[in-house]
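Each remark here refers to the structure printed beneath this line.
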Amino acid sequence: MSGADPAFRCTRSEEDTGADPAGSASTVRAFLLVELEGAWGTDALAAARLPASVRRMLRRLEPEHRVRPLMIRRQGRRTEGGGVHVFAACTVPGRRWVEHARMDGHQDLLGLDLAGMVDGHRPGLPAYDEPLFCVCTHGRHDACCAERGRPVWEALRAVAPEHTWQVSHIGGDRFAGNVLVLPDGLYYGRMQPADAADLVAAHAQGELLLDRLRGRTAQPFPVQAAEIYLRRALGLLGRDAVRFVGHHRDGEVTDVDLETSEGRHLVRVRSAPGPARQLTCRAEGPGRPLIHELLSIG
């Protein structure tokens with residue numbers, strides 16, 4: 001089967017299709033980032049050297065509280081000063097925030113109250129007021145994430161060393177190098193090392209790197225695509241230049257109500273599964289990616 005071919009690379013295959021990455025960011029409204037140095041297995045959490053009680057707690061976070069746990073690291077060894085870095089983040093528009101603490105050990109995670117994060121509840125850690133640039137380098141999960149992600153991480157680390165982390169699988173391997181920016185909840189794909197300085201500069205200026213943007217994690221796929229289509233049409237780079245008002249879905253078609261300084265816009269998008277193809281380097285069978293089509297902007 002094609003997934004067993006060690007020479008296959010999903011990023012190269014995806015580029016050959018010419019597919020637009022707009023509207024492909026995993027829909028997640030809250031994250032818990034936990035420092036875990038050393039090698040990550042195919043499933044970073046399953047293979048992690050963590051107390052069993054901590055692993056169980058992290059496993060329950062997403063199904064019970066809609067909080068996605070991710071592993072982070074810097075250089076394959078514990079960061080200076082000891083302890084474990086932990087970040088809690090909410091990406092919901094109007095209540096985006098990040099909190100951070102350096103804990104004595106992973107066992108301290110059990111004392112966090114993470115319920116209700118998607119509704120604005122804060123665990124009560126110190127506020128973290130800087131951006132986080134999280135680059136997927138999870139090569140055991142997908143070869144492309146290491147081959148394309150690690151050079152991007154190195155480049156970002158050179159520009160913003162205090163704010164850049166490697167992160168475990170965040171989705172969309174075929175768009176590697178992938179970068180998650182918090183607290184804005186922005187996914188960037190097909191990033192190159194040469195893009196690193198531009199990304200950091202853009203966010204410092206309150207702008208987006210629009211040609212690499214996959215979408216906002218807090219919104220459904222069609223809404224993500226609609227925002228990007230509108231931004232492209234109007235040339236809007238400001239991070240908050242487009243405000244989500246609402247959306248209505250009827251079958252494959254979604255009407256998305258967005259607001260800019262020029263007024264309200266209704267963006268109509270058709271979203272449907274595309275042709276079957278291998279979507280990741282490790283896939284053992286074909287998948288059908290969701291393909292968006294801009295129908296109109298009003």
Side-chain angles (χ1 to χ4, degrees), residues 15 18-29 89-98 129-136 148 152-153 155-156 158-160 163-164 170-172 175-247 254-269 292-298:
E15 288 167 347
D20 187 346
S24 64
S26 301
T27 304
V28 185
R29 295 177 172 85
C90 178
T91 66
V92 177
R95 52 174 183 265
R96 296 191 294 254
W97 48 262
V98 175
D129 298 323
E130 301 291 339
L132 287 174
F133 301 102
C134 305
V135 187
C136 182
R148 301 212 180 191
V152 174
W153 172 70
L156 272 170
V159 179
H163 312 309
T164 301
I170 59 175
F175 298 119
N178 285 302
V179 179
L180 165 64
V181 181
L182 295 171
D184 300 286
L186 299 166
Y187 268 45
Y188 288 97
R190 294 179 179 157
M191 291 286 291
Q192 303 294 325
D195 299 321
D198 290 341
L199 177 63
V200 174
H203 278 263
Q205 296 166 11
E207 296 184 346
L208 306 179
L209 203 63
L210 189 56
D211 60 346
R212 300 295 190 196
L213 185 61
R214 290 176 53 193
R216 292 183 185 268
T217 67
Q219 303 293 6
F221 296 127
V223 175
Q224 297 173 24
E227 178 184 346
I228 293 174
Y229 294 151
L230 181 63
R231 285 179 174 275
R232 290 173 180 172
L234 301 181
L236 298 175
L237 299 180
R239 186 165 53 218
D240 299 314
V242 177
R243 187 177 72 86
F244 172 71
V245 179
H247 74 289
T254 302
D255 289 330
V256 184
D257 190 1
L258 300 170
E259 186 175 46
T260 72
S261 61
E262 299 178 0
R264 297 273 281 270
H265 302 268
L266 187 66
V267 182
R268 177 164 289 183
V269 176
H292 306 290
E293 176 190 1
L294 174 62
L295 298 180
S296 63
I297 297 178

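Since the structure is predicted, the reported quantities are computational estimates derived from the model, not experimental observations. Numbers here are sequence positions counted from 1. Side-chain atoms are counted along with the backbone in the values below, which use heavy atoms only and exclude waters and symmetry mates.
- Under the 3.5 Å distance criterion, the side-chain polar atoms of R264 are left unmatched by any main-chain donor or acceptor of G298.
- Atom CZ of R239 has more than 12 heavy atoms from other residues, nucleotides or ligands within 6.0 Å.
- Evaluation of the side-chain hydrogen bond (donor to acceptor under 3.5 Å, both in side chains) rule for R232 yields D20 as partners, not counting sequence neighbours.
- A 4.5 Å side-chain heavy-atom check between T91 and R216 finds every atom pair outside the cut-off.
- Remark: side-chain polar atoms of D195 are paired, donor with acceptor, to backbone N or O of Q192 under 3.5 angstrom.
- The two atoms that bring L236 and T260 nearest to each other are CD1-CG2, 3.7 Å, heavy atoms only.
- Separating the CZ atom in R243 from the NE2 atom in H265 is a distance of 12.0 Å, to the nearest 0.5 Å.
- With sequence neighbours excluded, no residue forms a salt bridge (charged side-chain N to carboxylate O under 4.0 Å, His left out) with D211.
- A distance of 6.5 Å separates CG in L234 from CD1 in I297, rounded to the nearest 0.5 Å.
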Residue pair R212, V179: steps toward the side chain to side chain contact (heavy atoms under 4.5 Å, CB included) verdict: CA-CA 10 Å; R212 300 295 190 196; V179 179; over 6 Å; no
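- The distance from the CG atom of N178 to the OH atom of Y187 is 8.0 Å, given to the nearest 0.5 Å.
- The minimum heavy-atom distance between T27 and R29, with the atom names listed, is CG2-NH1, 3.7 Å.
- Interatomic distance, CH2 of W97 versus CG of L182, reported as 11.0 Å (0.5 Å rounding).
- Residues R148 and V152 approach most closely at O-CG2, 3.3 Å, considering heavy atoms.
- Between H292 and F221 the shortest side-chain heavy-atom distance falls below 4.5 Å.
- In this structure, the side chain of Q224 engages the main chain of A25 through a donor-acceptor pair within 3.5 Å.
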Kindly indicate, with the supporting measurements, whether the criterion side-chain hydrogen bond (donor to acceptor under 3.5 Å, both in side chains) is fulfilled by R214 and S24. CA-CA 6 Å; R214 290 176 53 193; S24 64; 2.8 Å; yes
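- Taking CG from L186 and OG1 from T217, the interatomic distance works out to 7.5 Å, rounded to the nearest 0.5 Å.
- Using modelled atom types, no side-chain atom of T254 and backbone atom of V223 make a donor-acceptor pair closer than 3.5 Å.
- The minimum heavy-atom distance between M191 and L199, with the atom names listed, is CE-CD2, 3.7 Å.
- In this structure, A226 and V267 approach most closely via the heavy-atom pair CB-CG1, 3.7 Å.
- Side-chain contact check for P222 versus H247: every heavy-atom pair is 4.5 Å or farther apart.
- In terms of heavy-atom proximity, A218 sits nearest to P93 at CB-CD, 3.8 Å.
- In terms of the side-chain hydrogen bond (donor to acceptor under 3.5 Å, both in side chains) criterion, residue partners of E293 (sequence neighbours excluded) are, by chain and number, R270.
- To the nearest 0.5 angstrom, Y188 atom OH is 3.0 Å from H203 atom NE2.
- For the pair R190/E15, a side-chain contact is recorded, criterion being any heavy-atom separation below 4.5 Å from C-beta on.
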